[in-house]
**Q** 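Questions regarding the structure given below will be posed in turn.
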Amino acid sequence: YKGIKLLMEKELAAAGAITGPLASKTVPSPFLAKIAEIKVSHPENRMAKHFDNAYYHTLSPEKQKLLLLCCKSGYENADSGMGLYAMSPTDYDELKPYFDKVIRDYHGITGELKHINNWDISTVKDLPAGGKLDLAALGLGETSMRVRVGRNLKDFPLPGNMTQADRVNLEARMVLAFKKLMEDPAFGGTYNSLTPGVEFSIDDAKYNELVKEHIMFKDMSVDPYLLSAGISMHWPHGRGCYVSADKGFIVWVGEEDHLRIMCMNKGTCLNDVFDRLNKCLKVIEAAEGCSFAQSPDYGYVTSCPTNLGSGMRASVHIALPALTKKGKDVSEAKNCAKTLGLSVRGIGGEHTEAGEDGTVDISPSARLCIQESEIIAALYKGIKLLMEKEKKAAMLSPDTIAKIKVSHPENRMAKHFDNMYFKTLSAFDQNRLLMCCKSGVENPDSGMGLYAMSPTDYDDFKPYFDKVIRDYHGISGDLKHVNNWDISCVKGLPQGGKLDLSDIGLRQTSMRVRVGRNLSDFPLPGNMTQADRVNLEKRMICAFKKLMADPQFGGTYHTLTPGTEFSIDQYKYQDLVDNHIMFKDMSVDPYLLSAGISSDWPYGRGCYVSADKGFIVWVGEEDHLRIMCMRNGAVLNEVFDRLKTSLKVIEAQDGCKFAKSVDYGFVTSCPTNLGSGMRASLHIKLPHLTKKGKDVSEAKKIAKELGLSVRGVGGEHTEAGVDGTVDISPSARLCIEEADIIAALYNGVLKLLKTEHINRYAMNFPPS
């Protein structure tokens with residue numbers, strides 16, 4: 001009775017999933033309708049995301065049935081990130097129009113996709129002499145090293161479509177190959193089979209012992225994804241593992257792929273396990289009937305598209321006590337590793353915890369369109385860089401900050417750090433706050449040294465940030481920023497509030513007003529992942545497309561993100577930089593690099609430029625957005641008013657709400673720009689105050705007394721023009737309204753020019 005009940009449930013599922021589409025091509029089956037639902041409810045499910053009904057209906061009934069079988073796991077488990085498994089070694093090629101989209105999406109591949117297998121380390125550049133990848137050279141002692149590959153025999157269906165007889169027959173074929181290994185002194189060992197009543201069968205006690213020793217894989221029949229895919233069917237028939245005499249070479253049979261072949265060792269030289277695996281693979285494939293399945297474009301075939309290509313995972317165990325908070329929190333380790341192309345797991349495998357000493361499992365993430373020799377090299381290089389990050393993370397502590405407070409008293413991050421306040425925070429918030437301090441710890445010569453990582457940091461950590469903010473901005477008493485763009489509220493300006501520079505003796509000059517803004521829905525740049533940066537850019541591109549369609553704006557977008565819409569090459573990028581339209585490569589800035597702001601360069605970076613080049617938006621610089629208006633002219637209102645209007649247009653777009661603090665106004669990464677986030681500037685000639693551009697010290701001194709800052713014409717840390725041309729802007733950002741900033745620029749320039757003329761003529765500034 002119970003059996004019939006369960007069997008009828010499977011029949012109903014099969015009727016919707018398999019036979020329905022074959023009955024009609026005009027009425028969607030329950031399966032197709034459900035995929036359409038999942039595409040909306042779970043957009044991260046790649047099976048549904050790339051499923052194309054039009055392509056599906058071009059297939060023969062047999063191919064339709066096969067395709068739906070491949071999709072079954074993602075259909076029954078909508079929360080899958082992949083949801084798609086090949087059922088036959090030829091599926092990737094025969095159903096390429098569909099599989100190719102999924103594969104490219106997961107592996108992040110654009111352009112040509114042609115996998116090449118190559119185990120020759122001598123072909124990889126920038127490795128130690130002789131290609132010896134010795135972890136001892138990086139200061140590491142003996143550790144667990146493992147390299148494994150997934151392989152499938154071309155003569156059998158893939159695990160998701162195997163019958164019990166298929167599984168047992170494949171195992172029997174492999175047992176013949178293993179017997180030859182057992183007779184070879186270089187291998188020896190034995191085979192352990194879970195198939196009942198066959199040669200080499202083991203009991204439950206032996207099986208559990210092998211699992212506990214991490215030699216054998218766990219019971220797959222409890223995994224809902226593999227169960228739906230058919231991969232864990234018929235458990236335990238056809239499952240087992242070969243183990244060499246020294247336990248350094250293991251082959252799993254009947255897991256997610258026909259074979260998982262691995263070499264492991266406790267040592268320091270990665271070449272030992274890499275080279276041994278290469279030799280072992282040749283020995284296995286040389287056995288009769290053991291040819292591995294390959295695709296012309298995708299390399300070695302695996303059940304799941306995530307492992308295609310090399311099918312390789314190379315890993316080591318290393319201790320990262322600082323990056324993992326002694327094993328309690330691996331989030332920072334994962335973030336650091338991700339930027340290096342590495343993945344972090346617990347020492348027991350995926351979804352397990354780090355060791356108490358912070359030991360984790362590290363491996364390169366890439367499988368496809370990367371050669372085997374490049375994977376093992378990436379592991380070595382990645383570990384080297386990760387250990388450097390671990391060393392820096394170890395420095396990131398209250399004790400280190402206390403030392404900087406003494407050695408560099410001008411470092412505001414350290415100056416105002418209060419250990420008593422720090423101890424009142426939860427462990428999670430302590431980590432958050434230390435990440436804000438990271439740039440100042442790694443660069444003690446910073447004047448600020450502090451960057452917010454989240455739009456809420458200024459309010460969440462107000463007792464600390466408030467001291468730093470008041471110190472930098474020179475504010476005492478009440479601190480409540482007010483935003484106001486209405487020039488009519490400012491007293492002492494020309495009639496009608498027209499800020500015409502020609503009235504004070506200036507002709508047309510370069511005028512620019514810009515603001516920094518961050519979207520409230522995203523982490524700030526210092527705490528963004530590469531995916532965050534790309535997703536933010538995608539959101540902004542939707543907004544920019546609306547601007548491009550508006551005659552008042554027009555123009556285009558330029559992105560540095562490779563292989564996406566609006567991508568530009570290096571030559572175009574350099575041209576934009578040379579024309580002061582695009583920002584420079586941030587990855588060379590040590591302060592921004594330490595803060596995490598310039599991570600993942602150049603992903604998520606770009607700029608929108610209006611048709612008249614008078615309105616520009618930088619995406620992915622120090623803040624999410626740097627929005628600016630500029631033109632050559634004499635009336636400051638023109639750029640000020642245009643920026644005001646443009647900001648309203650951008651924030652009105654879907655998902656583009658700007659982050660604000662209750663007390664500090666618009667949120668920026670650096671506390672120096674808080675409040676208005678505004679810098680209003682113009683170029684003027686001060687030949688006498690700058691000694692014809694050779695010395696700007698006097699100009700800076702006088703400007704400072706007027707509340708102005710002086711820069712070179714190329715921006716901060718650049719020189720004045722040979723004719724004495726400099727960039728002038730009000731210094732204040734916080735607790736000053738936008739209207740007051742533009743008025744301060746006009747009035748400040750008036751006074752600065754008067755001083756310039758006094759120096760020149762030793763007389764009062766003429767009226768015109």
Side-chain angles (χ1 to χ4, degrees), residues 412-413 415-418 420-422 424-426 428-437 440 448-486 489-490 514-528 532 536 539 595 597 622-627 643-644 647-680 730-742 744:
R412 291 180 175 86
M413 174 282 297
K415 177 181 177 182
H416 297 287
F417 191 90
D418 183 349
M420 294 294 290
Y421 167 67
F422 180 77
T424 67
L425 302 174
S426 66
F428 177 74
D429 282 342
Q430 285 181 350
N431 183 50
R432 284 178 60 199
L433 186 57
L434 287 175
M435 290 307 296
C436 296
C437 299
M448 173 55 69
L450 187 66
Y451 289 91
M453 297 288 132
S454 161
T456 63
D457 281 353
Y458 292 107
D459 299 319
D460 291 347
F461 302 116
K462 188 174 181 178
Y464 172 49
F465 268 104
D466 193 70
K467 294 175 184 176
V468 176
I469 291 165
R470 288 176 180 275
D471 182 352
Y472 178 84
H473 292 279
I475 296 171
S476 58
D478 186 45
L479 198 172
K480 184 77 172 179
H481 184 84
V482 176
N483 296 99
N484 176 26
W485 291 71
D486 187 358
C489 298
V490 183
R514 66 90 168 144
V515 295
R517 292 290 187 268
N518 291 281
L519 303 192
S520 59
D521 291 349
F522 289 85
L524 293 185
N527 201 32
M528 296 179 85
D532 288 332
L536 183 141
R539 183 174 297 185
I597 291 172
E622 185 176 300
D623 292 302
H624 294 160
L625 307 174
R626 285 287 170 95
I627 307 168
L643 180 61
K644 175 185 175 182
L647 286 169
K648 291 179 179 178
V649 171
I650 290 178
E651 194 168 22
Q653 304 304 316
D654 189 32
C656 291
K657 184 180 179 182
F658 300 144
K660 286 188 81 173
S661 161
V662 176
D663 292 329
Y664 304 122
F666 287 107
V667 168
T668 53
S669 291
C670 186
T672 61
N673 290 318
L674 274 175
S676 64
M678 176 181 283
R679 184 176 186 274
S731 305
R733 305 277 190 275
L734 183 64
C735 289
I736 180 172
E737 297 175 2
E738 289 82 356
D740 289 324
I741 291 175
I742 199 72

**Q** Determine whether Tyr664 and Asp459 satisfy the following criterion, side-chain hydrogen bond (donor to acceptor under 3.5 Å, both in side chains), listing intermediate values before the conclusion.
**A** CA-CA 9 Å; Tyr664 304 122; Asp459 299 319; over 6 Å; no

**Q** Roughly how far, to the nearest 0.5 Å, is the CE atom of Met678 from the CD1 atom of Ile742?
**A** 6.5 Å

**Q** Identify the heavy atoms of Gly516 and Asp623 that sit nearest to each other, and give their distance.
**A** CA-OD2, 4.1 Å

**Q** Keeping to residues at least two apart or across chains, list the salt bridge (Lys or Arg N to Asp or Glu O under 4.0 Å) pairs with something in residues 730-741.
**A** none

**Q** Hey, what do you get for NE2 (His481) to CZ (Phe666), rounding to the nearest 0.5 Å?
**A** 7.5 Å

**Q** Identify the two heavy atoms, one from Phe465 and one from Ala452, that lie closest to each other, and give their separation to 0.1 Å.
**A**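 For Phe465 and Ala452, the tightest heavy-atom pair comes out as CZ-CA, 4.3 Å.
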
**Q** Could you tell me the separation between the CD atom of Gln430 and the CZ atom of Phe461, rounded to the nearest 0.5 Å?
**A**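 Taking CD in Gln430 and CZ in Phe461, the distance rounds to 9.5 Å.
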
**Q** Between the side chains of Asp457 and Tyr451, does any donor sit under 3.5 Å from an acceptor?
**A**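 Judged by distance alone, the side chains do not pair up.
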
**Q** For atom OH of Tyr421, decide whether the heavy atoms of other residues, nucleotides or ligands shown that lie under 6.0 angstrom number more than 12.
**A**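 More than 12 within 6.0 Å, yes.
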
**Q** Salt bridge check: are Asp471 and Lys467 linked by an N-O gap of less than 4.0 Å?
**A**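 No.
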
**Q** To check you understand the geometry: which heavy-atom pair defines the closest contact between Ile741 and Ser676, and what is its length?
**A**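 Closest approach of Ile741 to Ser676, heavy atoms only: CD1-OG, 3.3 Å.
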
**Q** Enumerate, atom names and distances included, each donor-acceptor pair closer than 3.5 Å involving a side-chain atom of residues 520-527, sequence neighbours excluded.
**A**
{"residue": "Ser520", "atom": "OG", "partner": "Lys657", "partner atom": "O", "Å": "3.4"}
{"residue": "Asp521", "atom": "OD2", "partner": "Arg539", "partner atom": "NH1", "Å": "2.8"}

**Q** Could you please spell out the steps behind the side chain to side chain contact (heavy atoms under 4.5 Å, CB included) verdict for Arg432 and Thr456?
**A** CA-CA 11 Å; Arg432 284 178 60 199; Thr456 63; 3.8 Å; yes

**Q** Please walk me through it: do His473 and Leu479 pass side chain to side chain contact (heavy atoms under 4.5 Å, CB included)?
**A** CA-CA 11 Å; His473 292 279; Leu479 198 172; over 6 Å; no

**Q** What class does the angle between the rings of Tyr464 and Phe417 fall in, given that below 30° is parallel, 30 to 60° is tilted and above 60° is perpendicular?
**A** perpendicular

**Q** Would you mind reporting whether Val468 and Met448 have side-chain heavy atoms less than 4.5 Å apart?
**A**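 Yes; the side chains approach each other to less than 4.5 Å.
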
**Q** Look at the side chain of Ser669 and the backbone N and O of Glu622, then say whether any donor-acceptor pair between them is shorter than 3.5 Å.
**A**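 Yes, the answer is positive, given that a donor and an acceptor are paired below the 3.5 Å cut-off.
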
**Q** For a side chain to side chain contact (heavy atoms under 4.5 Å, CB included) check, start with the C-alpha distance between Arg514 and Leu643, then their side-chain angles and the critical distance, and finish with the verdict.
**A** CA-CA 8 Å; Arg514 66 90 168 144; Leu643 180 61; 5.6 Å; no

**Q** Looking at NZ of Lys480 and SG of Cys735, how far apart are the two atoms once the value is rounded to the nearest 0.5 Å?
**A** 10.5 Å

**Q** Quick one: closest heavy-atom pair of Cys670 and Thr668, and the distance?
**A**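 In this case the closest contact between Cys670 and Thr668 is O-OG1, 2.8 Å.
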
**Q** Before giving the answer on side chain to side chain contact (heavy atoms under 4.5 Å, CB included), spell out for Asp663 and Tyr458 the whole-Å C-alpha distance, their side-chain angles and the decisive distance to 0.1 Å.
**A** CA-CA 9 Å; Asp663 292 329; Tyr458 292 107; over 6 Å; no

**Q** Quick check for you: to the nearest 0.5 Å, what is the distance between Tyr472 atom OH and Thr672 atom OG1?
**A** 5.0 Å

**Q** How close do Leu674 and Val667 get, counting heavy atoms only, and between which atoms?
**A**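 So the two residues come closest at CD2-CA, 4.0 Å.
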
**Q** At what distance, to the nearest 0.5 angstrom, does CZ of Arg517 lie from CG of Leu625?
**A** 9.5 Å

**Q** Taking all heavy atoms of Asn483 and all of Gly665, pick out the closest pair and write down the distance.
**A** OD1-CA, 4.2 Å

